[in-house]
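Before any comments, here is the structure.
First listed ligand is number 1; within each ligand, the first listed atom is number 1. Residue indices begin at 1 and follow the sequence shown. Everything quoted here is computed from the prediction, not taken from an experiment.
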Amino acid sequence: MAVDSLTCKECEASYELGAAYFCERCFGPLEVRYDHSDLEPAAARRKIQAGSQGIWRYANFLPFDGRPGDPLEPGLTPLIRADRLAERLGLGEVWVKNDAANPTHSFKDRVVAVAVAKAKELGFDTVACASTGNLANAVAAHAAAAGLDSYVFVPSDLEEQKLLATAIYGTKLVGVRGNYDDVNRLCTELAQERPWAFVNVNLRPYYAEGSKTLAYETIEQLGWELPDRIVAPIASGSMFTKLGRGISEWLQLGLVSGELPTFCGAQADGCSPVATAFADGSSVCKPQKPDTIAKSLAIGDPADGPYALDLARSTGGSIDSVSDDEITAGIKLLAETTGIFTETAGGVTVGVLAKLAERGAIGGDERVVVYITGEGLKTLDAARDSFRMHEIDPTLEDFEREFAAQAVV
Ligand SMILES: Cc1ncc(COP(=O)(O)O)c(C=O)c1O
Ligand SMILES: [Zn+2]
């Protein structure tokens, strides 16, 4: 297996593969490094195709010496060609990667599967996280499946569906009176005090690797080809950045050929530190106090913001934000054209896709992949007023009265 070390993203200092996440020399974030010098692309592809029906088919590109046991394997979610969505937006080829089709209905199952497997390998018996909701669901479920204890910290004003879909797994659910950035600060302090594996704090370098599998699947599902453009949501910026990393790795290793796609990031107006820095031409993100219905993306001080900015700029892409009304419209547009009901994060992503289409940023011959990272049933308030039910008595007359206008035609 190819996993090699933890390396500082800023100064390249190298560390052993333990529960470490920042560089002792310069405080930069650590990242997993691999040695793929003896990889043969055709053989690597064959091995992937003969692998499991989930993320562990990519075990050779994840931070383990072998394939870990995982009772709740996520991944291999559908990539759907969305012609009706493309048509509505005046675009050519649009694909939707529906990552709500994971065990706890968001892409967070990928990062948590990797982090929990690493926690077990390192001998932890308790896992924990700071979450905007979806991570909480995933940590609680994967800990339950692995037989580990768990503590999950969230802002106490989270959507009820996300609280319920976390507590059901028997975790210790802690609602913190504050926003995500307050929760994250508390967890960073707790990580010094308790012998726990905080998946997105002291295990963050491993956790982040899980998002590369979204890129690998996309490439495989497109028949070992690349999209021209990617549209994806940004909270901390980890998933967005690792989509780029997954594709660059496979380009470098010859598993796929072509160029890195154009990367377009999506945020909500009410929490847009990365989109604001992009618009200002800045390379640092000024922290914001979130106020948006897209609670899963409500990170005001994004750890990987600068790397997300780099990726968007270096690929000729952009980072945009949309209003709460545009988020709701995005949820509806996706549902009506693809049959996929997404949560607010997906509304943000489709809202930004619509914005890019409207301003003519996307060429008619481009192949675009849009990442839908969470499930609509978890954010029901966002869709609450979007419909009217036809309530009738159980008689033909009442049905015909109700639908009289249509019946005449
Ligand atoms: C549904 C959904 N999509 C996207 C993201 C973005 O994640 P990241 O912090 O990796 O940018 C999150 C984060 O919580 C999320 O819940
Ligand atoms: Zn360093």
* Pairwise side-chain contact, Ile247 with Phe263, heavy-atom cut-off 4.5 Å (strictly under) ->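 The answer is yes; the side chains approach within 4.5 Å.
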* Asked: Taking the Zn ion (ligand 2) as the vertex, what is the angle from SG of Cys26 to SG of Cys11, given to 10 degrees?
  ->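 That angle is 120°.
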* Distance under 6.0 Å and angle within 45° of the ring axis: does Lys212 meet both against Tyr58? ->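 No, Lys212 and Tyr58 do not form such a contact.
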* Is NZ or CZ of Lys97 both nearer than 6.0 Å to the six-membered ring centre of Tyr371 and within 45° of the ring axis? ->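 Lys97 over Tyr371 ring: no.
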List the atom of [X], the atom of [Y], and the distance in Å for their closest heavy-atom pair.
X      : Y      : answer
Ala140 : Val152 : N-CG2, 4.4 Å
Arg25  : Cys11  : NH1-SG, 4.0 Å
Leu255 : Trp224 : O-CE3, 3.6 Å

* Provide the number and element of each atom of ligand 1 under 4.0 Å from a heavy atom of Thr132. =>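 The list of qualifying atoms is 14 (O).
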* Hey, which atoms in ligand 1 end up nearer than 4.0 Å to a heavy atom of Ser238? ->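 Close to Ser238: 8 (P), 10 (O), 11 (O).
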Please classify the [X] to ligand 1 contact at 4.0 Å (heavy-atom distances, strictly less than): side chain, backbone, both or neither.
X      : answer
Leu297 : side chain
Thr373 : both
Ala345 : side chain

* Any Pro233 heavy atom less than 4.0 Å from ligand 1 ->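 It does, in that a heavy atom of Pro233 comes within the 4.0 Å cut-off of ligand 1.
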* If you measure from atom 7 (O) of ligand 1 to every heavy atom of Phe107, Tyr371, Tyr207, which option wins on shortest distance? ->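 Result: the heavy atom closest to atom 7 (O) of ligand 1 is in Phe107.
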Heavy atom of the protein closest to [atom] (residue, atom name, distance):
atom                    : value
atom 9 (O) of ligand 1  : Ser236 OG, 2.7 Å
atom 10 (O) of ligand 1 : Met239 N, 2.8 Å
atom 16 (O) of ligand 1 : Asn134 ND2, 2.8 Å

* To do: May I ask you to check if ligand 1 and Ala235 share an N or O to N or O distance below 3.5 Å?
  =>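 Looking only at distances, the answer is yes, because the N/O contact criterion of under 3.5 Å is met.
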* Ignoring hydrogens and angles, state whether a donor on the side chain of Lys378 or Asn134 is under 3.5 Å from an acceptor on the partner side chain. =>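 The criterion, which ignores hydrogens and geometry beyond distance, is satisfied for Asn134 and Lys378.
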* **Test of ring centre spacing under 6.0 Å for Tyr216 and Phe61** =>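 For Tyr216 and Phe61, the ring centres are under 6.0 Å apart.
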